[in-house]
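Just so you know, these numbers use all the heavy atoms, side chains as well, and skip hydrogens, waters and symmetry mates.
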Amino acid sequence: MKKVLWCVFFIVFLAGCAGPKFSGSAIEPLNNAGIVIVKDNDTRNGFLETIERWLDNHNFEYVVVSDNSKHQLDKLTLEYVGRWSWDLALYLREARISAYHEGQRVGEVEFKAANSLNFNKFGNAEKRISYMMDALFGERSVNEINEKLLPSQTEDTP
């Protein structure tokens, strides 16, 4: 019986160590560079809608172009991808938003939620995508976001 309890404790402990994580780097401020979003056809529409809502709320002007469009070198180009998984419920498993300017990647933010017993993986995808945009545009650091998402705190605090 003690062995079973130790195994359960160990599994729960490991699950707590494998929570969702953000990583990446912010873009440097660009003078009057318009924004182009390249729509990813393989990602759920809600991802793009969240990016657009974030840009609208921060008064950025942007256009959305079709998947596989060529980059406009004079504009900040955002590419994104999001993958959802199923484990008792649908959740955002991993996501990436990359920013390019003049043919070079100037910033990128990634999100990963391990498929483990940690229930923090079931957070609100819209909020997580918004946090990614905050990090990409330098409104918050990925460290700040990760600290606010520790299992001892709720996801609504950032």
Rounded to the nearest 0.5 angstrom, the CD1-CZ distance for Ile129 and Arg44 is 9.5 Å
Exercise. Would Phe47 end up clustered with Phe111 when hydrophobic side chains under 4.5 Å apart are linked, directly or stepwise?
Worked result: yes
Begin with the C-alpha distance, continue with both residues' side-chain angles, and end with the deciding distance and a verdict on side-chain contact (heavy atoms from CB on, under 4.5 Å) for His71 and Glu79.
-> CA-CA 10 Å; His71 287 198; Glu79 292 183 350; 2.6 Å; yes
- Message: Could you check whether any side-chain heavy atom of Ser23 comes within less than 4.5 Å of a side-chain heavy atom of Glu110, counting everything from C-beta outward?
- Response: yes
side-chain contact (heavy atoms from CB on, under 4.5 Å) between Ser141 and Glu144, intermediate numbers included
CA-CA 5 Å; Ser141 71; Glu144 178 186 356; 3.4 Å; yes
Rounded to the nearest 0.5 angstrom, the CZ-CD distance for Arg140 and Glu147 is 12.5 Å
Are Val36 and Leu78 joined in one hydrophobic group, where the rule is that I, L, V, M, F, W and Y side chains link up if heavy atoms are under 4.5 Å apart?
no
- Query: Are Leu55 and Val38 in one and the same hydrophobic cluster, where Ile, Leu, Val, Met, Phe, Trp and Tyr link if side-chain heavy atoms are under 4.5 Å apart?
  - Reply: no
For Ala135 and Ala26 the tightest heavy-atom approach is O-CB, 3.2 Å
Rounding to 0.5 Å, atoms OG (Ser66) and CG (Asp40) come to a distance of 11.5 Å
* Answer yes or no: is there a donor N or O on one side and an acceptor on the other, between the side chain of Thr43 and the main chain of Val81, under 3.5 Å? => no
Heavy atoms of Ser25 and Leu136 approach each other most closely as O-CD1, 4.0 Å
Please tabulate, for the side chains in residues 100-109, all donor-acceptor contacts under 3.5 angstrom to protein atoms that are two or more places apart in sequence or on a different chain.
| from | atom 1 | to | atom 2 | distance (Å) |
| --- | --- | --- | --- | --- |
| Arg105 | NH1 | Glu108 | OE2 | 3.4 |
| Glu108 | OE2 | Ser98 | OG | 2.6 |

On a heavy-atom basis, the closest approach of Thr50 and Ser130 is CG2-OG, 3.7 Å
For this session: Look only at the side chain of Asp67 and the backbone of Asn41, and say whether a donor-acceptor pair between them is shorter than 3.5 Å.
Result: yes
Check: Are any of the side-chain heavy atoms of Glu52 and Ile37 separated by less than 4.5 Å?
Finding: yes
Value for OG (Ser69) from NZ (Lys39), rounded to nearest 0.5 Å, stands at 11.5 Å
- Message: Less than 4.5 Å apart, side chain to side chain, heavy atoms only: is that true for Met133 and Ile97?
- Response: yes
Heavy-atom closest pair (Ala99 atom, Leu76 atom, distance to 0.1 Å) is CB-CD1, 3.9 Å
The reported gap from NZ in Lys70 to CG in Leu73 (rounded to nearest 0.5 angstrom) is 10.5 Å
Taking the side chain as C-beta and beyond, is there a heavy-atom pair between Trp54 and Met132 under 4.5 Å?
-> no
**Asked** Heavy atoms, side chains only, cut-off 4.5 Å: are Glu49 and Glu126 in contact?
**Response** no
The side chain to side chain donor-acceptor pair (under 3.5 Å) partners of Asp56 (sequence neighbours excluded) come to Tyr62
Open item on the list: Applying ring pair (Phe, Tyr, Trp, His ring centres under 6.0 Å) to Phe60 and Phe137, what does each step give before you reach the verdict?
Closed with: CA-CA 11 Å; Phe60 285 102; Phe137 282 85; 5.1 Å; yes
In this structure, CD1 of Ile35 is separated from NE2 of His58 (nearest 0.5 Å) by 11.0 Å
